[in-house]
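First the proteins, then the strands, lettered A, B, ... as listed; each starts at 1.
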2 protein chains.
Amino acid sequence: MKISTKGRYALRMMIELAQNHNVGFMTLKEIAQKQNISKKYLEQIIPVLNRNNFLIATRGFQGGYKLAKEPCEYTVGQILRLTEGNLAPVSCLECTPNTCPRANECPTLFLWEGLYKVVNEYLDSITLEDLVQRQKDHLCNDYII
Amino acid sequence: MKISTKGRYALRMMIELAQNHNVGFMTLKEIAQKQNISKKYLEQIIPVLNRNNFLIATRGFQGGYKLAKEPCEYTVGQILRLTEGNLAPVSCLECTPNTCPRANECPTLFLWEGLYKVVNEYLDSITLEDLVQRQKDHLCNDYII
DNA sequence: TAAAAACCTACTAAAATTATAAGAAATATA
DNA sequence: TATATTTCTTATAATTTTAGTAGGTTTTTA
């Protein structure tokens, strides 16, 4: 019942890009350094976000990545569903309609459906902007204290 | 973000035992046959439930297992937390208080804490009795149709 | 005392996770 | 145009987790 590094790192990249939104393009090297994550590994994760038009990428010298939309337009759910594959707690929920021959008699199906729903709803209730804003507030608090 | 077979099988065992509550002891052989799960694998899972007093076990001839309490007294959350280890979506939530040195600046900590909370609350809102009752209702519907 | 049951520990195969490595393709600037 | 820099692509590998098997020990009742 864990979120893998793939999803977590993707989220951290998106937060890093959100923090630097409107500053221009960030290279993967920069992102990797700031977040202290292997650049090589991020190279494998970021194309998923890019292919799905979450990012704008330019290659070559002075290239890099930036968010395709405003931070408030990305939910955590969108990012994690993409990078984790999906957020289904059991694999029989992955295809809709459910193809399991025992779905009609399954005593736990509604349980997993309900869990799936609360997870998605919660993660879709939080945007990148929320995460960035919260960190700003927090850093501010540190100063006051 | 998946529940493993360990947790799912444990839940199915508990449902089987709940359905046969007050009928006496059930052997693991019976449970395994009815649920179509390897008995050898269940032998590895059931001691966790037993050690934590979820079950009453008797050894030897005519022995077996039965629920230690009424089905309504077990939540799905209790069963899954035990058999899955815990339900934390990220490992840094596993120890309280949080020992991560970066916890104060972590922009995603509150996100994971919130997810952890909705998952636990949802799974603790459903009892074994709910699951058994729902299946009864459903089987009844099948007759009507 | 024999059968049947829970209990215990070690082992193993397969899959997923978490990366590394090596290079190809594209592009801005000198 | 050459070069450095960057994204992009594919292959490989180590480690960990998952999902079981196997073989035997202990307990209990008939």
Side-chain angles (χ1 to χ4, degrees), chain A residues 1-13 17 24-33 35-68 80 83-91 94, chain B residues 1-13 16-17 20 24-33 35-68 80 83-91 94:
Chain A
M1 201 55 184
K2 289 274 186 295
I3 300 286
S4 73
T5 54
K6 225 165 181 171
R8 299 202 320 272
Y9 290 177
L11 192 56
R12 285 168 62 182
M13 280 195 277
L17 287 166
F25 287 88
M26 278 190 94
T27 66
L28 203 52
K29 193 179 168 189
E30 261 184 293
I31 298 173
Q33 277 171 352
Q35 289 288 332
N36 195 28
I37 305 175
S38 145
K39 183 198 161 207
K40 275 292 178 191
Y41 192 28
L42 293 187
E43 265 182 354
Q44 206 176 109
I45 298 170
I46 209 161
V48 182
L49 297 166
N50 197 19
R51 272 199 299 276
N52 286 274
N53 305 314
F54 280 36
L55 303 176
I56 293 169
T58 60
R59 298 167 78 162
F61 191 79
Q62 300 237 331
Y65 298 96
K66 67 176 192 180
L67 295 186
L80 292 182
T83 48
E84 291 284 298
N86 64 67
L87 298 172
V90 293
S91 54
E94 280 168 8
Chain B
M1 201 56 185
K2 291 273 186 295
I3 299 287
S4 74
T5 54
K6 226 163 180 174
R8 299 203 320 272
Y9 290 177
L11 192 56
R12 285 166 64 182
M13 280 196 277
E16 188 66 48
L17 287 166
N20 292 276
F25 287 88
M26 276 190 94
T27 66
L28 202 52
K29 193 179 168 190
E30 260 183 295
I31 298 173
Q33 279 171 352
Q35 290 287 333
N36 195 30
I37 304 175
S38 145
K39 183 197 162 207
K40 273 291 179 189
Y41 192 27
L42 293 188
E43 264 182 356
Q44 207 175 108
I45 298 169
I46 210 161
V48 182
L49 298 165
N50 197 20
R51 272 198 299 275
N52 286 274
N53 305 315
F54 280 37
L55 303 175
I56 293 168
T58 60
R59 298 168 78 159
F61 192 79
Q62 300 235 333
Y65 299 96
K66 67 176 191 179
L67 296 186
L80 292 183
T83 49
E84 292 285 299
N86 64 68
L87 298 173
V90 293
S91 54
E94 279 167 9

Test side-chain contact (heavy atoms from CB on, under 4.5 Å) applied to B:Met26 and B:Tyr65, step by step: CA-CA 5 Å; B:Met26 276 190 94; B:Tyr65 299 96; 5.6 Å; no
In chain order, what residues pass the side-chain hydrogen bond (donor to acceptor under 3.5 Å, both in side chains) check against A:Gln44, with sequence neighbours excluded? none
Of all heavy-atom pairs between B:Ala10 and B:Leu49, which one has the smallest distance, and what is that distance? CB-CD1, 4.2 Å
5'-most to 3'-most nt of DNA chain D touching chain A (<4.0 Å, heavy-atom partner on protein side) reads D:dT5 to D:dA11
Could you run down nucleotides 15-23 of chain C 5' to 3' and tag each one B, S or - for protein heavy-atom contact under 4.0 Å? ---BBBBB-
Residues in residues 53-68 of chain B with a heavy atom under 4.0 Å of DNA chain C, by number, are B:Ala57, B:Thr58, B:Arg59, B:Gly60, B:Phe61, B:Gly64, B:Tyr65
By salt bridge (charged side-chain N to carboxylate O under 4.0 Å, His left out), which residues pair with A:Glu43, not counting sequence neighbours? A:Lys39, A:Lys40
Minimal heavy-atom distance between B:Glu84 and A:Met1, with the atoms involved, is OE1-N, 4.4 Å
Give every residue pair that meets the ring-ring contact (aromatic ring centres under 6.0 Å, His included) criterion with at least one member in residues 35-54 of chain B, sequence neighbours excluded. B:Tyr9-B:Tyr41, B:Phe54-B:Tyr74
To the nearest angstrom, the CG-C1' distance between A:Leu28 and C:dA26 comes to 16 Å
A:Asn50 versus A:Ala57, closest heavy-atom pair with distance: ND2-CB, 3.6 Å
What's the CG-P distance between B:Asn52 and C:dC7, to the nearest Å? 13 Å
With a 3.5 Å distance limit and no angle check, can you tell me whether A:Lys2 reaches the backbone of B:Ala88 through a side-chain donor-acceptor pair? yes
Can you see which heavy atom on B:Leu80 is nearest to which on B:Gly7, and at what distance? CD2-O, 3.5 Å
Here the pair of heavy atoms bringing B:Ala32 nearest to B:Ser38 is CB-C, 4.5 Å
Counting the atoms with a prime plus P, OP1 and OP2 as sugar-phosphate, which does A:Ile46 contact under 4.0 Å by heavy atoms, base, sugar-phosphate, or nothing? nothing
